[in-house]
Structures are given as structure tokens and as C-alpha cells.
Chemist: 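Would you mind keeping the following structure in view while I ask a few things?
Quick caveat: nothing in here was measured; it's all calculated off a predicted structure. Residues: numbered from 1 along the sequence shown.
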Amino acid sequence: MPNSQTLAITLHLSVAAAFSPPSAQHAFVRQRTVLSVASSSPPIITSLADKNNDDAWWRDFQLNDPSLAPSVFDDFPILSTRLDSDGKISPDGAKRLVYLDSAATSQKPTAVTDALTRYYECANSNVHRGAHALSREATEQYEAARDKVASFVNAQSRNEIVFTSGATEAINLVASSLSHTCGKAPSNARELYLQEGDEIVITEAEHHSNIVPWQMAAERTGAVLKYVPACSVTGAFDLEAFRELIGPKTKFVSTQHVSNVLGNINPIESIVKIVRSRAAPGAKVMLDACQSVPHMSVDVQALGVDFVAASGHKMCGPTGIGFLWGKESALNSMAPYQGGGEMIDDVYMDHSTYAQAPARFEAGTPPIAQAIGLGAAVDYLGKIGMDRIHDYEVELAHYLRRRLGDVEGVTVLGPPLGQDRAALCAFVCEVVHPSDLSTFLDVEGVAIRAGHHCCQPLHRALGYSHSARASLYFYNTKEDVDDFIKVLEDTLKFFASLGGDGGEENEAESGDIDAFVPIF
């Protein structure tokens, strides 16, 4: 191995070791890895051409729509990133970037970045408050973005779209509004609120942003927080367990549309039917749609839920922007989330009255540029077509799942092969911890995620503390998957040659599962 690459891997692992390794065994594997790499001359990555690939079905596999990803490649300049032998970004690098982390954040097309630049260069002003030309132009673009999002998810009214900093704030907005009286009856008899004894139902598979806000709401109000246990084998949604939890005291249900770890698509229609037939009258259902809105057509009216939260940065939009969709009647029955300018009707020294939605939930100067950028992202996705994106990703996800299933020593979490899943696969390996795996893949230009993916309860239910995750978007190709699998197989072969076990099993045996802080 070239000295520069040896140095890079040594540095990666030395830094990683500083982040509280989970066990003595894991630290030992890290140390042996550094010493073995530094003292060996052959490179880690060997050619798969030397293997017997007579049964390599994937060589002849072809996508039904192979032109989609190449047709958008030039729209994403970052995908042309090159890396040198140390895994560092370099214009003259020999390795190409293989970006497989879109479930964390998608890359941004020039249509979006250009929209941001145009706003700042040609229309930068505060919205709603000025009579001058710049303010009128900024307001027009900002509100046009609201119309675009409303159309994108088929909202009944533009007033049902509230811009937020992201899905996390959208969920917190609802949880905080319903709990701001701390369980006491509000002065407005029409206001939605939670009180002592009310039941909130979530699932064990939720992202932390759909768990912690409801824990806080329950603590403030005296409501009872219940959860649907995840299947210990696949993590799938257990409809029968859910049915048993829903009763006349159930006032609120919040669940994800698609799991960011398992990739399974929850049966929302069945969930809503159970809530409407068994829960308290007027019970509300909220959907975390972060992993569905970017990847498939989402019709909020057809879903039958009351609230939907989504983030812009996962759907080609800027960071710092997301939205809450809520039925207009429900939004106008909720207390404001924050106080300040824009969200008021009239202000007196002894009281204030509040604007109707969406203004009532958009206090202060909003994320104007980000909202305009999100509108540009919606336009961009619309031109490609969400059905085309979904069909392409379904096929590519199946290909990724099947290829990972062929890798010895890899356990893929979530639905088994042949069942519907989103375009992501989380997995664990017998011979290497997810953190070390992601470090080695990064050196080779392959970007995946390692950690608990903000889903610690789910990982515990499945018997793991962390996992690695490869996630796709419409700009990914079959070749991206093939390159990922190639590097993965050879990295696992290298770790197996060390004779140690740095995987999850030894970590669990050490009794120190929660001590580890992943690098990424």
C-alpha cells in the first residue's frame, strides 16, 4: 500500500479510537488494524476479477430506466467530486465519489443553488412587511414556494402549509402546542390540548425526533405515552399490537411513513382506520414523512392523517427548511408555538390575538431563501416526475438489497428480500464495527452512514447498538451499488484476515453497548 494511504487509514483509526471505543476487544481490533495496515505492503482493496464470479447474476442485471441517473448527473456538481489515495477531496484524485447517504441529506441540484443565489442577489428583503419593490418580490417568491409545496403534497389549501426549520421543528410545534397548558383546560374551549390521562401512541421504531417531543409533552401534561414494540426480527409495524394499544383514551398517534433504518413502508391506511374506529373522538394522527415525501408521490388528503412533517434537505432542498402540513381546521384550533411578529392579529398591553394559520406558526423573520430553494426543489422533482423517481428507486433498492444479501457475514436489517422497501439498507457485519467499516469505505470514496441513525430504541429491540446504512436517491446508479459492494467485500475480507471480531456480537458481550460514540 502506498505510504500516503497507510498514513490516511492510520490517522482515521487513531482519531476513531479517541471516541470512546465500545469495548477492549474493539480497541484491540482497531490497534491491530493500524499495525497490520502499516506493516503490510499489498493494498487493502483487491480486484474482484480474481474471484470466481461464474454465478454473478448482477453482471447481467439491467435497470428498466437506466437513463434517469445519467440524465441528472450534471445537475449535481458535487457528484463529480474526486478523491486522492488518502481519501481526501482532490480535483485530480483517481477515485470518484460514491454518495450513498441521501437518507441523511440529499445532494442539491444547480436549479436549487441558483435559486438561492438569485434571491440573495436580486430580491433579498424581508417579507410581508414592506411596500417597496424588493419586499414585494421576496414576498411573492416566498409565498409561491408555499403554493408549490401545497400542490406537491395535494393539500386542500395553501393555508395548510407551515414552513419550519425542518421536520424536527414541525413535530415539536405540534407537541408543544398541544401541551403548552401543562394539562389544564385552555381558556379557548375550541383549542386542542392534552391533559392528564390522555394517551399518546408512537412506535419503538421512530426517529428520536418523533419520540423525545412526545416524552416532553407527556411529562408536561400528565398524558401517558405508549409505544408499539418493534418486531425483533424485522422491526416491522405490528398492526395487532397497535390495535390493542388504541382505545377511548387515545388522543394522539404519531408514526413514521417510512423507516430511516429498516426501509419498511408502514400501512398508513390501516393505521388510520384503527384510530378512527377505536380512539377517542377527535383523536389526531401525525405522520413523519421525511423518508417518503422525497421518494414517492404523497397525497396528504388520501392518507387521511391530520398532520404531516417533512424536511426540505432530504428532497433536494436547502438545509434549515421543512414544512408541517395540517388540516386547516386543526391548525386554527391550536395555540401558537412561538410569539413575536407576523403571528399576531392585534397586540395590546394586557393580551394579544393571533393570526390564522399558517401565519400563527411562523413568528419572526422566516427562512425566506430556504423556502424559495425548497420551491425550486419541488419544481425540479416535479419535472422528473415522482412516479418515475419512485419506480426507479424501487428497482435500485431491490438490487442493493439482493447484492448485500449475497455478501458473506452481512446481516441486512428490515424487510426480507422480495418485500417492499425504501431505497436504503441498514446492515451489520460479523467482523467489523460499523464505525470502522464506514472509515475504510470513506478512504475508498464510498460515503455511507454509521451509528444508531437517531433510532436507539429500535436498535436495542433488534439486538444491536449501531448499524451501517447505504441509502440511495434517483441520481445513484447500478455502478454505484456495484462499487460499494466491491469495496465492502474486500474490506470485510481484510478484517476477517486479522482474526479478531470487531462486530456487534463482541460489543454486546462487553456490556458496554452505549459507551461508543460513532465517528459520523
Side-chain angles (χ1 to χ4, degrees), residues 45-82 95-103 106-107 109 258 262-265 291-292 294-297 315-316 380-408 410 412-427 441 444-448 468-492:
I45 306 304
T46 58
S47 173
L48 286 184
D50 297 333
K51 297 181 178 181
N52 182 2
N53 282 319
D54 292 340
D55 58 346
W57 60 270
W58 52 270
R59 291 187 181 277
D60 297 323
F61 179 86
Q62 293 184 352
L63 296 167
N64 289 323
D65 188 7
S67 64
L68 175 53
S71 71
V72 302
F73 182 83
D74 290 341
D75 296 338
F76 297 85
I78 200 168
L79 298 181
S80 297
T81 299
R82 308 295 298 184
K95 302 171 187 174
R96 72 181 187 95
L97 171 68
V98 177
Y99 186 76
L100 302 179
D101 197 22
S102 291
S106 67
Q107 295 304 337
V258 173
L262 305 171
N264 60 291
I265 304 167
Q291 299 296 338
S292 59
H295 303 282
M296 63 182 73
S297 294
M315 52 185 290
C316 295
Y380 181 81
L381 294 174
K383 288 179 180 178
I384 298 172
M386 292 308 299
D387 289 340
R388 184 184 181 193
I389 288 173
H390 177 251
D391 291 345
Y392 178 80
E393 290 186 11
V394 166
E395 192 176 16
L396 195 61
H398 176 79
Y399 181 70
L400 171 64
R401 174 64 180 84
R402 186 176 175 189
R403 290 230 56 194
L404 273 172
D406 287 346
V407 179
E408 185 177 355
V410 167
V412 182
L413 308 183
L417 189 65
Q419 292 189 10
D420 290 342
R421 70 156 56 232
L424 63 89
C425 287
F427 60 97
L441 266 60
E444 296 301 322
V446 179
I448 65 168
R469 184 185 69 193
S471 53
L472 309 167
Y473 210 6
F474 61 88
Y475 43 64
N476 287 119
T477 64
K478 173 183 181 291
E479 290 70 29
D480 288 340
V481 176
D482 292 339
D483 287 353
F484 159 59
I485 296 295
K486 176 182 184 298
V487 176
L488 173 64
E489 287 184 326
D490 289 321
T491 301
L492 296 182

Chemist: Between A422 and A397, what is the shortest heavy-atom contact and its length?
Modeler: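 Closest approach of A422 to A397, heavy atoms only: O-CB, 3.5 Å.
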Chemist: Where do R403 and D482 land on the salt bridge (Lys or Arg N to Asp or Glu O under 4.0 Å) test, with the steps shown first?
Modeler: CA-CA 8 Å; R403 290 230 56 194; D482 292 339; 2.9 Å; yes
Chemist: Tell me whether S106 contacts the main-chain N or O of C316 through its side chain, where contact means a donor paired with an acceptor under 3.5 Å.
Modeler: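 Here the side-chain-to-backbone pair exists.
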Chemist: Under 6.0 Å from the CD atom of E479, do we count more than 12 heavy atoms belonging to anything else shown?
Modeler: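 Yes, enclosed.
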Chemist: Answer yes or no: is there a donor N or O on one side and an acceptor on the other, between the side chain of N476 and the main chain of Y99, under 3.5 Å?
Modeler: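 Yes, the answer is positive, given that a donor and an acceptor are paired below the 3.5 Å cut-off.
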Chemist: Quick one: does D490's side chain get under 4.5 Å of E444's, heavy atoms only?
Modeler: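 A side-chain contact is absent here, since even the closest heavy-atom pair is not under 4.5 Å.
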Chemist: Backbone N or O of A103 within a donor-acceptor pair of the Q291 side chain at under 3.5 Å?
Modeler: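 It does hold such a pair.
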Chemist: Drop me the distance from S102's OG to R469's CZ, to the nearest 0.5 angstrom.
Modeler: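 These two atoms lie 9.5 Å from each other.
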Chemist: Side-chain contact test, heavy atoms from C-beta onward, threshold under 4.5 Å: evaluate it for R401 versus V412 and give yes or no.
Modeler: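 SC-SC contact between R401 and V412 confirmed.
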Chemist: Could you check whether atom CG of D65 has more than 12 heavy atoms from other residues, nucleotides or ligands sitting under 6.0 Å from it?
Modeler: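 More than 12 within 6.0 Å, yes.
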Chemist: Can you list everything that forms a salt bridge (charged side-chain N to carboxylate O under 4.0 Å, His left out) with R402? Sequence neighbours excluded, please.
Modeler: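 Once residues adjacent in sequence are excluded, R402 has no partner under the salt bridge (charged side-chain N to carboxylate O under 4.0 Å, His left out) criterion.
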Chemist: Got L381 and I389 here, is their nearest side-chain heavy-atom distance under 4.5 Å?
Modeler: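 Result yes, sub-4.5 Å side-chain heavy-atom pair found.
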Chemist: Is D60 reaching over with its side chain to a backbone N or O of W57, donor-acceptor style, under 3.5 angstrom?
Modeler: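 Pair absent, no side-chain N/O of D60 close to backbone of W57.
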Chemist: Please list every donor-acceptor pair under 3.5 Å in which a side-chain atom of residues 69-80 meets a protein atom from a residue at least two apart or in another chain.
Modeler:
| unit_1 | atom_1 | unit_2 | atom_2 | d |
| --- | --- | --- | --- | --- |
| S71 | OG | S67 | O | 3.2 |
| S71 | OG | L68 | O | 2.6 |
| D75 | OD2 | Y380 | OH | 2.8 |

Chemist: Side-chain contact, heavy-atom cut-off 4.5 Å: R82 with R96?
Modeler: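 Yes, their side chains come closer than 4.5 Å.
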Chemist: Check whether any side-chain heavy atom of L400 lies under 4.5 Å from a side-chain heavy atom of F484, and answer yes or no.
Modeler: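 Result yes, sub-4.5 Å side-chain heavy-atom pair found.
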Chemist: Please round to the nearest 0.5 Å and tell me the distance separating atom NE2 of H398 and atom CZ of F61.
Modeler: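 Going from the NE2 atom of H398 to the CZ atom of F61 covers 6.5 Å.
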Chemist: Atom CG in L413, atom CG in N264: separation rounded to 0.5 Å?
Modeler: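 Output value for this atom pair is 11.0 Å.
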Chemist: Taking ring pair (Phe, Tyr, Trp, His ring centres under 6.0 Å) as the test, write out the residues that go with Y473, two or more places apart.
Modeler: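 Ring pair (Phe, Tyr, Trp, His ring centres under 6.0 Å) list for Y473, sorted by chain: H295, Y475.
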Chemist: Checking side chain to side chain contact (heavy atoms under 4.5 Å, CB included) for the pair D483/V487: CA distance, chi angles, key distance, verdict?
Modeler: CA-CA 6 Å; D483 287 353; V487 176; 5.6 Å; no
Chemist: Got a donor-acceptor contact below 3.5 angstrom from the R421 side chain to the P415 backbone?
Modeler: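 Judged by distance alone, yes, a pair lies under 3.5 Å.
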Chemist: Is there a side-chain contact between V446 and L100, using heavy atoms and a 4.5 Å cut-off?
Modeler: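 Side-chain contact under 4.5 Å: yes.
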Chemist: What's the shortest heavy-atom distance between I448 and F427, and which atoms?
Modeler: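 Distance-wise, the nearest heavy atoms are CD1-CZ, 4.4 Å.
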Chemist: Calculate, to the nearest 0.5 Å, the distance between atoms NZ and CZ belonging to K383 and R388 respectively.
Modeler: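 Atom-to-atom, K383:NZ and R388:CZ are 14.5 Å apart.
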Chemist: When you measure from the side chain of K478 to the backbone N and O of W58, does any donor-acceptor pair fall under 3.5 Å?
Modeler: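 Answer holds: yes.
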Chemist: Test side chain to side chain contact (heavy atoms under 4.5 Å, CB included) on L472 and V481; report intermediate values, then the result.
Modeler: CA-CA 9 Å; L472 309 167; V481 176; 4.2 Å; yes
